[in-house]
Undergrad: 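The structure under discussion is supplied below as structure tokens; questions concerning it will follow.
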Amino acid sequence: MEEINELIEQRKKKLADLRASGIDPYYESFQAADYARALLDKYNELDHDALESLNRSSSVAGRILAMRNFGKLAFVHISDASDEKIQLCFARDILQDRFPIIKKFDVGDIVGVSGRLFKTKTGELTVEVQDFKIVSKSLRPLPEKWHGLTDVETRYRQRYVDLIVNPAVKKTFAMRSKILKAIRDFLELRGFIEVETPMMHPIAGGAAAKPFKTFHNALELDLYLRIAPELYLKRLLVGGYDKIFEINKNFRNEGISTKHNPEFTMIEFYIAYKNYQYLMGFTEELICEAAMRSVGTLKFKYGEYDIDLTPPWQRLTFFGALEEKGLPEAVARDPEKSVQWARQNGINIPKDLPKGKPIFDEIFSELVEPELIQPTFITDYPVEISPLAKRKKDNPALVDRFELFVVGRELANAFTELNDPLDQRERFMQQAEARRQGDEEAQSMDEDFLRALEYGMPPAAGEGIGIDRLVMLLTDSHSIRDVILFPQLKTEQ
RNA sequence: GAGCCGCUAGCUCAGCUGGUAGAGCACCGCCCUUUUAAGGCGGGCGUCCUGGGUUCGAAUCCCAGGCGGCUCACCA
């Protein structure tokens with residue numbers, strides 16, 4: 001991306017000038033003893049005289065974000081990896097013949113300096129620079145200091161610039177890191193081990209979604225990027241693990257929106273000998289732990305909403321929630337009556353809805369989901385839309401399953417795992433039938449998975465949580481792109 | 001995939017019913033030893049997203065396309 005640009009040319013000229021005077025503007029290392037944040041935390045409280053008597057020397061390295069030059073004195077703000085800004089003072093009296101080098105500085109350059117700490121007349125903690133190096137010369141101008149970078153396209157495409165100039169972005173991703181750490185710690189403390197299963201699947205199973213397809217040349221094999229790790233994790237249950245989890249990407253070849261990125265991060269975890277009832281309490285604890293260790297509280301704002309994660313969370317059955325909306329289960333289960341009911345109640349039913357797909361699922365998403373603002377478990381899903389979950393003992397038309405909703409969005413999906421290989425085979429057959437009737441997202445028969453179940457899988461509860469959505473909730477982010485460092489975009493030009 | 005909105009200097013934006021490109025910041029030059037969006041004086045900077053069309057003349061109007069945002073659809 002070679003561009004002729006006056007500003008870049010000016011900077012290249014400065015770079016050449018530096019080299020001509022024997023200065024290397026691209027160092028291979030710099031030993032900074034201090035972080036800006038640590039210096040401010042420790043010394044900002046001291047007054048001018050107290051700091052003088054300490055005579056504290058320091059060294060910091062970071063990117064120049066602002067410069068104010070007075071001819072024989074210059075103030076420079078740098079920001080370092082501690083995400084804090086510290087002021088540097090370059091004075092001709094101190095730097096003597098090296099002082100003119102600062103004429104070659106630009107906002108964006110990375111410098112390393114050492115010098116004594118002092119307080120300016122206005123009381124700002126400042127490094128009085130005694131020695132300095134330009135460790136990396138920047139050739140491109142940064143966005144201006146006042147309005148910063150707001151163009152969302154540039155922010156996503158050039159996330160590196162976004163991170164330099166928008167501190168809130170770093171905060172979000174620091175939160176993301178804390179949330180993931182909290183989840184890992186929570187599970188590891190309870191005896192789980194983290195595993196990695198294939199991202200490339202010969203059969204894309206474990207969820208209802210369209211996969212990305214790819215090809216392995218040497219094996220001459222069609223492969224799919226995984227849409228879910230579920231069927232592999234359950235194979236591990238067969239193998240004898242009792243508490244496992246995997247945190248990794250899934251890939252779904254579907255539309256992009258504020259809530260969907262083609263690759264997104266899921267955690268799936270499985271506990272042998274437990275059921276979905278157990279997982280509800282477990283989920284409350286897990287998510288509260290993540291919230292406490294990132295947000296620091298269970299009560300916080302998400303946009304207009306005041307969210308309260310304090311357990312226990314509301315629990316409603318799938319058909320119970322529909323009945324509250326005036327749709328009796330008997331009507332919901334009747335394909336024709338339910339369509340009629342939907343039309344009468346102004347529910348938008350897609351015209352191209354595949355034949356095998358039940359209408360109540362549509363009605364539920366349209367009528368119930370948007371109102372589930374506070375955390376709510378929806379339980380006892382119909383078996384037709386849950387091909388991998390165990391049937392309820394007292395009602396084989398339903399399964400032992402829940403989904404967790406917050407701010408109208410699905411955050412988690414969990415169930416008691418189907419471990420009856422014969423029932424599982426039947427469910428796959430039904431899915432195959434749905435596929436024949438036009439449901440592209442119906443699941444495919446996976447003979448190896450069935451073979452594994454035939455060896456015997458312990459009863460188990462399993463759950464998946466959309467990490468990106470959890471991070472959105474806890475960071476008050478309203479687009480999934482704000483919690484993914486490099487969200488998917490079309491290529492430039 | 002559909003609808004609506006946007007795209008002008010490095011950044012943030014103005015530019016009316018068509019008359020030939022602007023501001024602030026950033027940048028360059030000079031002055032300035034305590035600034036905090038430093039200040040003063042002077043200066044430069046454009047594929048007006050792209051390609052067609054209408055017109056004497058298009059950043060502006062029309063058509064097509066690109067990229068992005070939002071909403072809807074699909075989904076997590």
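The chains referred to below are lettered A, B, ... by the order of the sequence lines, with proteins before strands, and numbering in each begins at 1.
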Undergrad: If you compare all heavy atoms of G115(A) against all heavy atoms of Q130(A), which two are closest, and at what distance to 0.1 Å?
TA: CA-OE1, 3.2 Å
Undergrad: Using the P atom as the reference point in each nucleotide, state the distance between G29(B) and U55(B) in Å, no decimals.
TA: 50 Å
Undergrad: Looking across every strand, which nucleic acid part, if any, lies under 4.0 Å from T258(A) by heavy atom: base, sugar-phosphate, or nothing?
TA: sugar-phosphate
Undergrad: With centres under 5.5 Å and planes under 30° as the test, does F70(A) stack with C32(B)?
TA: no
Undergrad: Relative to F132(A), does R98(A) satisfy both conditions: NZ or CZ under 6.0 angstrom from the six-membered ring centre, and within 45 degrees of the ring's axis?
TA: yes
Undergrad: Quick check: on RNA chain B, is the nucleotide nearest L411(A) upstream (toward 5') of the one nearest H478(A), or the reverse? Name the residue that is more 5'.
TA: H478(A)
Undergrad: Would one find a side-chain N or O of R157(A) under 4.0 angstrom from OP1 or OP2 of G69(B)?
TA: no
Undergrad: Mapping G123(A) and H147(A) onto RNA chain B by nearest heavy atom, which one lands closer to the 5' end?
TA: H147(A)
Undergrad: Does the structure show W146(A) stacking with G24(B), if we require the centres to be closer than 5.5 Å and the planes to be within less than 30 degrees of parallel?
TA: no
Undergrad: Taking a pair as Watson-Crick or G-U wobble with both distances under 3.5 Å, which nucleotide is matched to G6(B)?
TA: C67(B)
Undergrad: If I pick the P atom on G52(B) and the same atom on G15(B), what distance separates them, to the nearest angstrom?
TA: 28 Å
Undergrad: When we call it a touch if two heavy atoms are under 4.0 Å apart, what does A208(A) touch: a base, just sugar-phosphate, or nothing?
TA: sugar-phosphate
Undergrad: Does D93(A) contact U33(B) through a side-chain donor or acceptor facing the base, at a distance under 3.5 Å?
TA: yes
Undergrad: Report the distance from atom CE of M67(A) to atom C1' of C27(B), rounded to the nearest whole Å.
TA: 10 Å
Undergrad: Hunt down the Watson-Crick or G-U wobble partner of G1(B), both distances under 3.5 Å, from any strand shown, or write none.
TA: C72(B)
Undergrad: Are there more than 12 heavy atoms of other residues, nucleotides or ligands under 6.0 Å from atom OH of Y26(A)?
TA: yes
Undergrad: In whole angstrom, what separates L88(A)'s CG from U34(B)'s P?
TA: 18 Å
Undergrad: Scan R481(A) against the nucleic acid and name what it touches under 4.0 Å (heavy atoms): base, sugar-phosphate only, or nothing.
TA: sugar-phosphate
Undergrad: Side chain of N261(A), backbone of E263(A): donor and acceptor closer than 3.5 Å?
TA: yes
Undergrad: Might you point out which heavy atoms bring S365(A) and D361(A) nearest each other, and give the distance in Å?
TA: OG-O, 2.7 Å
Undergrad: Could you tell me whether the side chain of Q87(A) has a donor or acceptor atom within less than 3.5 Å of a complementary atom in the base of U35(B)?
TA: yes
Undergrad: With rounding to whole Å, what would you report as the distance between C61(B) and G68(B) at their P atoms?
TA: 24 Å
Undergrad: Base, sugar-phosphate, or nothing: which does N261(A) touch, judged by heavy atoms less than 4.0 Å apart?
TA: base
Undergrad: Expressed in angstrom and rounded to an integer, what is the separation of D151(A) atom CG from U8(B) atom P?
TA: 8 Å
Undergrad: Using atom NZ of K104(A) as one end and atom P of C28(B) as the other, report the distance to the nearest whole Å.
TA: 9 Å
Undergrad: Whole angstroms only, please: what is the CG-C1' distance between N44(A) and U36(B)?
TA: 14 Å
Undergrad: Rounded to whole Å, please give me the gap between CZ in R155(A) and C1' in G6(B).
TA: 17 Å
Undergrad: Counting the atoms with a prime plus P, OP1 and OP2 as sugar-phosphate, which does K119(A) contact under 4.0 Å by heavy atoms, base, sugar-phosphate, or nothing?
TA: nothing
Undergrad: Rounded to the Å, how far apart are I8(A) CD1 and G10(B) P?
TA: 9 Å
Undergrad: Pick base, sugar-phosphate or nothing for N250(A), based on heavy-atom distances below 4.0 Å to the nucleic acid.
TA: nothing
Undergrad: Say we look at G39(B) and G1(B): how far apart would their P atoms be, to the nearest angstrom?
TA: 49 Å
Undergrad: Determine, for E268(A) against K234(A), whether the closest basic-nitrogen to carboxylate-oxygen distance falls under 4.0 angstrom.
TA: no
Undergrad: Between the base of G10(B) and the side chain of E144(A), is there a donor and acceptor pair under 3.5 angstrom?
TA: no
Undergrad: Taking pairing as Watson-Crick or G-U wobble with both contacts under 3.5 Å, can you name the mate of A26(B), or confirm there isn't one?
TA: none
Undergrad: If you compare every side-chain N and O of R68(A) against the phosphate oxygens of U35(B) (OP1, OP2), does one of them come in below 4.0 Å?
TA: no
Undergrad: Looking at every strand, decide which applies to G148(A) at a 4.0 Å heavy-atom threshold: base, sugar-phosphate, or nothing.
TA: sugar-phosphate
Undergrad: Determine which nucleotide pairs with U60(B), using a 3.5 Å limit on both distances of a Watson-Crick or G-U wobble pair.
TA: none
Undergrad: How far, in whole Å, is G44(B) from G22(B) if one measures between their C1' atoms?
TA: 15 Å
Undergrad: Describe the nucleic acid contact of K72(A) in one word from base, sugar-phosphate, nothing, applying a heavy-atom distance below 4.0 Å.
TA: base
Undergrad: Is the gap between the ring centers of F245(A) and F186(A) under 6.0 Å?
TA: no
Undergrad: Over how many whole Å does the gap from N69(A) atom CG to C27(B) atom C1' extend?
TA: 14 Å
Undergrad: Kindly say if K145(A) contacts the phosphate of A37(B), meaning a side-chain N or O under 4.0 Å from OP1 or OP2.
TA: no
Undergrad: Counting any heavy atom closer than 4.0 Å, what does L489(A) reach on the DNA or RNA strands: base, sugar-phosphate only, or nothing?
TA: sugar-phosphate
Undergrad: I want to check one thing: is the phosphate of C28(B), taken as OP1 and OP2, less than 4.0 Å away from some side-chain N or O of K13(A)?
TA: no
Undergrad: Using atom P of each nucleotide, how far apart are C25(B) and G66(B) to the nearest Å?
TA: 39 Å
Undergrad: Between A73(B) and C4(B), how far apart are the two C1' atoms, rounded to whole Å?
TA: 15 Å
Undergrad: Taking OP1 and OP2 of U35(B), is either one under 4.0 Å from a side-chain nitrogen or oxygen of T120(A)?
TA: no
Undergrad: Under a 3.5 Å cut-off for both contacts, is A38(B) paired Watson-Crick or G-U wobble with anything, and if yes, with which nucleotide?
TA: none
Undergrad: Do you know the tightest heavy-atom contact between A461(A) and E417(A)?
TA: C-OE2, 4.2 Å
Undergrad: Determine the interatomic distance between P on A58(B) and the same-named atom on G18(B); round to the nearest Å.
TA: 13 Å
Undergrad: Measure from NZ or CZ of R401(A) to the centre of the six-membered ring of Y381(A) and say whether it is under 6.0 Å with the direction within 45° of the ring axis.
TA: yes
